[in-house]
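This structure is a prediction, so every number in the text was calculated from the model and none was measured. Quick note: numbers below take in every heavy atom, side chains included, and nothing from hydrogens, waters or symmetry partners. Residues: numbered from 1 along the sequence shown.
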Amino acid sequence: KRGLDDTYQSIGLGEVYAARDLRSGSLISLRFPTPAALDAGTLQLLRAQVSVDSGLAHPSLIRVLGLLQSDTQPVLVQQAALGQPLPQIIQSVKAARDHLPTATALGILNTVRAALGASDPVSHGAIRPAAIWVDAKGVARLADRALAMALTGTGRAPVIGEPDQSLLAPELKLGQPCGPPSDVFGM
């Protein structure tokens, strides 16, 4: 049972809503992927990936809690991504004509590395700034693993829109499978 709060992110692959789990009271997010992003093969792979990812619990990952199926589309349920996506932080830093401190940037990269290590040997598939969330304390967490794996695993990475498309590894843009080199490119 979940209660819908508000839209907090509209992305190229759909919309994400803030919600509250009515049993535990914890904040969660509900991701409604754009129907054009999910063909039958991608949806099947997403279901399988959610089954795997729901067992992953690591402080550097935004945990996938499950996949709901409405009458019209699937809904990915995950821990709430608190804070801001990295592109917003970078934009704020640029607007202030400042730079991201080296220690902060290295901390973010270390978090992404730790998140990848938690899901080893499986790759993320679409590491990009929009998949990294940083909270008010500066703690970063990696999101979108199940959806990224479903899209890249079926050669559908091209549905990921700009500006993220330019940040994907060349093999993903060509519809080829992802692997550790794809993640290194994304970092």
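- Looking at residues two or more places apart in sequence or on another chain, you find a side-chain contact (heavy atoms from CB on, under 4.5 Å) between Ser26 and Asp21, Ser24, Ile28.
- Here the closest non-hydrogen pair linking Leu43 and Pro74 is CD1-CG, 3.6 Å.
- If you chain together hydrophobic residues whose side chains sit under 4.5 Å apart, Val139 and Ile89 never meet in one group.
- In this structure the side chain of Arg31 never reaches within 4.5 angstrom of the side chain of Glu15, judged on heavy atoms.
- Annotation for Trp133 and Ala143: closest pair CD1-CB, 4.0 Å, computed over non-hydrogen atoms.
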Just list the side-chain donor-acceptor pairs under 3.5 Å for residues 97-116, sequence neighbours left out, or say none.
{"residue": "Asn110", "atom": "OD1", "partner": "Arg113", "partner atom": "NE", "Å": "2.9"}
{"residue": "Asn110", "atom": "OD1", "partner": "Arg113", "partner atom": "NH2", "Å": "2.8"}
{"residue": "Thr111", "atom": "OG1", "partner": "Gly107", "partner atom": "O", "Å": "3.0"}

Return all side-chain donor-acceptor pairs below 3.5 angstrom for residues 55-63, not counting sequence neighbours, or 'none' if the list is empty.
{"residue": "His58", "atom": "ND1", "partner": "Ser60", "partner atom": "N", "Å": "3.0"}
{"residue": "Arg63", "atom": "NE", "partner": "Ser54", "partner atom": "O", "Å": "3.3"}
{"residue": "Arg63", "atom": "NE", "partner": "Leu56", "partner atom": "O", "Å": "3.3"}
{"residue": "Arg63", "atom": "NH2", "partner": "Ser54", "partner atom": "O", "Å": "2.8"}

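- At a threshold of 4.5 Å between non-hydrogen side-chain atoms, the residues Leu142 and Ile132 count as touching.
- For the pair Gln73 (side chain) and Pro33 (backbone), a donor-acceptor distance under 3.5 Å is present.
- Partners of Gln88 by side-chain contact (heavy atoms from CB on, under 4.5 Å), not counting sequence neighbours, listed by chain and number: Gln84, Pro85.
- Here CG of Leu82 is found 7.0 Å from CZ of Arg141. Values are rounded to the nearest 0.5 Å.
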Please test Val64 against Leu76 for side chain to side chain contact (heavy atoms under 4.5 Å, CB included), starting from the C-alpha separation and ending with a verdict. CA-CA 8 Å; Val64 173; Leu76 187 61; 4.0 Å; yes

Trace of the side chain to side chain contact (heavy atoms under 4.5 Å, CB included) decision for Leu67 with Leu46: CA-CA 9 Å; Leu67 185 68; Leu46 179 60; 4.1 Å; yes

